[in-house]
S.K.: 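Structure below; questions to follow.
Reminder, nothing fancy here: chain letters follow the sequence lines and each chain counts from 1.
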Protein chains: 2
Amino acid sequence: MSTIQKVAKEAGVSVATVSRTFNLPDKVNAETRKIVEQAAARLRYIPNASARSLRTQRSQTLGVVLPTLNNPVFAECLQGIAQAAAAAGYSIMPFTTDYLLKQEESAVRALHGFGVDGLILVVSDPRASATLDFVREQNIPYVLAYNSNDEHPCISVDNPAAFARMVAYLVSLGHQRIAMVSGRRSDSDRAQQRYSGFLAGMTAAGLQPHQAIIEVPFIDNAVDQIVQALQHKPRPSALVCSNDLLAIRAIRAAHQLGLRVPDDISITGFDGIRLGQDLTPSLTTISQPNADIGRYSVSLLIQCLSQGSKPGPSASLLLNYVLCPAESSAPPSQVLGG
Amino acid sequence: MSTIQKVAKEAGVSVATVSRTFNLPDKVNAETRKIVEQAAARLRYIPNASARSLRTQRSQTLGVVLPTLNNPVFAECLQGIAQAAAAAGYSIMPFTTDYLLKQEESAVRALHGFGVDGLILVVSDPRASATLDFVREQNIPYVLAYNSNDEHPCISVDNPAAFARMVAYLVSLGHQRIAMVSGRRSDSDRAQQRYSGFLAGMTAAGLQPHQAIIEVPFIDNAVDQIVQALQHKPRPSALVCSNDLLAIRAIRAAHQLGLRVPDDISITGFDGIRLGQDLTPSLTTISQPNADIGRYSVSLLIQCLSQGSKPGPSASLLLNYVLCPAESSAPPSQVLGG
DNA sequence: TTGTACGCGTTATCAT
DNA sequence: ATGATAACGCGTACAA
């Protein structure tokens with residue numbers, strides 16, 4: 001391995017000069033700089049990040065904690081994080097939790113030991129989170145992504161409003177028997193907020209939620225569970241799903257019952273994963289700017305870091321969402337409607 | 001921040017004893033160990049990873065370089081990597097390249113500067129790769145994922161054989177006019193290997209490839225491009241796509257032309273992304289064990305590291321793939337067949 | 001069993 | 001403009 005020492009020897013200067021050549025180029029004579037640069041190139045010198053961060057107390061690394069990369073929402077977000085971080089000269093260190101609180105916490109501990117400069121977190125629920133307690137106690141700069149909570153800096157969309165808007169859209173198409181499909185609401189604040197948006201939307205339209213919420217504990221066998229639920233009559237004319245992954249499975253469930261989408265039943269998602277628009281039928285959904293949520297999280301964090309400050313609740317950003325009407329929704333059929 | 005020094009003072013012992021308490025527990029008296037552990041817990045001591053890796057020359061960190069997380073294949077793989085790494089006490093540091101060689105290289109340079117213990121790479125083409133030259137020159141332990149090449153340690157499936165098998169399956173259904181849809185073959189060795197598998201499969205069946213290969217440079221407007229291609233008569237009765245993302249778009253293209261899948265045209269993918277089986281029609285595909293490819297990469301790497309060796313070409317693993325017949329493929333219709 | 005002291009590769013302070 | 005050197009936090013030979 002080539003170190004700053006070897007470069008110094010090779011160039012016939014002191015280590016201090018080599019260091020300056022890279023960190024404070026204008027503080028070194030143009031000629032000597034050339035010499036050093038060439039020596040460094042010859043030895044393929046690459047500064048040792050551990051030594052640097054030990055010395056500077058900054059790692060140029062951002063920790064990321066999210067539930068799972070098997071949901072494209074978070075994969076797209078991490079892609080945005082990766083791009084923005086790389087562009088700013090930062091590395092990232094992601095951990096996945098599979099929605100397990102224990103893993104949230106151990107991930108943050110590992111990240112702290114690592115000395116990350118900041119944290120981007122998607123936590124289960126910010127309201128009672130040992131993870132966040134720890135982060136605050138250690139005074140680590142952080143941003144929450146997708147979560148929204150008054151007491152923390154959050155990059156998110158207005159989940160209740162967005163979900164209510166989806167309901168309003170379906171109502172405007174003529175739907176009245178609308179049922180919601182949700183994952184475990186205890187898994188995340190998003191699930192809860194979307195549910196409250198559902199209730200608000202229905203109330204605003206003067207409607208009662210159609211039958212109990214269809215709660216799908218495990219997404220693996222979601223199709224079967226939705227098939228079950230759809231067999232109760234009267235059947236809803238529209239299904240609003242808590243996320244796109246669930247919506248895709250709901251569409252499958254409908255087909256298994258011989259129902260056409262959207263002719264016999266409308267189905268909507270939430271998240272705006274890229275694949276949604278290429279499906280057939282394409283997915284009516286609330287599109288969140290997933291990559292941007294990641295990018296903004298990075299830039300907010302980095303901006304604060306450069307100022308020696310850290311993001312507070314007032315730095316929260318509510319990004320725009322877009323209701324994307326697509327082929328999976330349509331007015332209810334006459335036969336079933338009423 | 002609490003350091004080993006402070007813990008030592010708090011416990012009334014030397015720093016060496018504190019260090020040993022965590023790294024060589026049996027070399028320290030049970031009583032003093034208790035005292036140290038309690039002191040450490042009281043101060044919420046977490047060892048500084050930079051200092052440790054500077055000292056030990058090992059970072060307990062694995063670098064990962066892959067094209068993009070917007071393709072679920074790589075997202076699922078990274079999920080597997082993240083799980084396996086965390087379980088083994090390693091952190092990961094991923095970079096995305098967007099299929100750009102420049103970024104492949106700069107990622108690896110950054111990772112090297114960081115002092116990662118090993119590298120998991122999905123490169124464009126191992127045959128002529130400045131990235132791999134650098135990695136070898138620096139003597140960094142590495143594994144290639146998805147790539148397959150005799151001169152490198154690779155975790156992958158037999159792409160040509162798998163693709164040929166897909167062709168054979170369609171032929172067995174009665175298809176004869178089979179066309180291939182591919183991304184830019186210059187983008188990756190996988191694309192090339194799958195294409196050669198296509199040719200081999202067709203030859204083995206005594207068939208000519210139906211019309212020229214449908215090459216889709218950019219996946220964003222893939223649907224339009226496939227629509228264009230499908231308008232030439234005679235139309236293929238089956239479309240074999242180079243990956244699942246392309247297949248999903250091909251299905252959409254078919255629908256736009258009023259073709260039913262699989263009644264009027266069969267469409268197959270490759271990769272086995274999880275979503276595929278929940279689509280309607282569900283996707284006939286070659287299913288790769290994406291998460292396992294990640295997990296095996298990690299364990300191979302870590303195993304070698306613990307032995308002080310590094311993976312060589314002979315450590316390559318060819319994992320099993322599974323042909324998954326599903327709803328997007330069926331025998332050709334009588335009208336169009338022949 | 002425990003403590004002392006050096007060095008890992010940098011950056012930054014203070015001289016020159 | 002450049003050089004010598006201390007310090008970042010830790011692990012480990014070596015000494016006690």
S.K.: What do you reckon, is NZ of A/Lys9 surrounded by more than 12 foreign heavy atoms closer than 6.0 Å?
M.R.: no
S.K.: Going by atom types only, do A/Arg127 and A/Gln192 share a side-chain donor-acceptor pair under 3.5 Å?
M.R.: yes
S.K.: State whether the number of non-hydrogen atoms from other residues, nucleotides or ligands found under 6.0 Å of A/Gln307 atom CD is greater than 12.
M.R.: yes
S.K.: If we count only N and O atoms by modelled type, under 3.5 Å, do the side chains of A/Asp271 and A/Gln288 hold a donor and an acceptor together?
M.R.: yes
S.K.: Taking A/Lys6 first and then A/Glu10, would you say they form a salt bridge - that is, a charged N and a carboxylate O separated by under 4.0 Å?
M.R.: no
S.K.: Do A/Leu144 and A/Val122 make a side-chain contact, defined as non-hydrogen atoms from C-beta onward lying under 4.5 Å apart?
M.R.: no
S.K.: By the definition side chain to side chain contact (heavy atoms under 4.5 Å, CB included), identify the one residue from B/Leu62, B/Leu121, B/Ile155 that meets it with B/Ser297.
M.R.: B/Ile155
S.K.: Can you tell me how far P of D/dC10 sits from CZ of A/Phe114, to the nearest Å?
M.R.: 14 Å
S.K.: Grab the N/O contacts between the protein and nucleotides 5-8 of chain C below 3.5 Å, and write none if there aren't any.
M.R.:
unit_1 : atom_1 : unit_2  : atom_2 : d
C/dG7  : N2     : B/Arg55 : NH1    : 3.1
C/dC8  : O3'    : B/Gln57 : NE2    : 3.2

S.K.: Does any residue of residues 17-41 of chain B have a heavy atom under 4.0 Å from DNA chain C, and if so, which ones, in number order?
M.R.: B/Thr17, B/Arg20, B/Lys27, B/Val28, B/Asn29, B/Thr32
S.K.: Less than 4.5 Å apart, side chain to side chain, heavy atoms only: is that true for A/Arg184 and A/Tyr99?
M.R.: no
S.K.: Taking atom CZ of B/Arg44 as the centre, report whether more than 12 heavy atoms of other residues, nucleotides or ligands fall under 6.0 Å from it.
M.R.: no
S.K.: Need the bend value for the helix from C/dT1-D/dA16 to C/dT16-D/dA1: angle between end axes, 5 pairs each end, nearest 10°.
M.R.: 40°
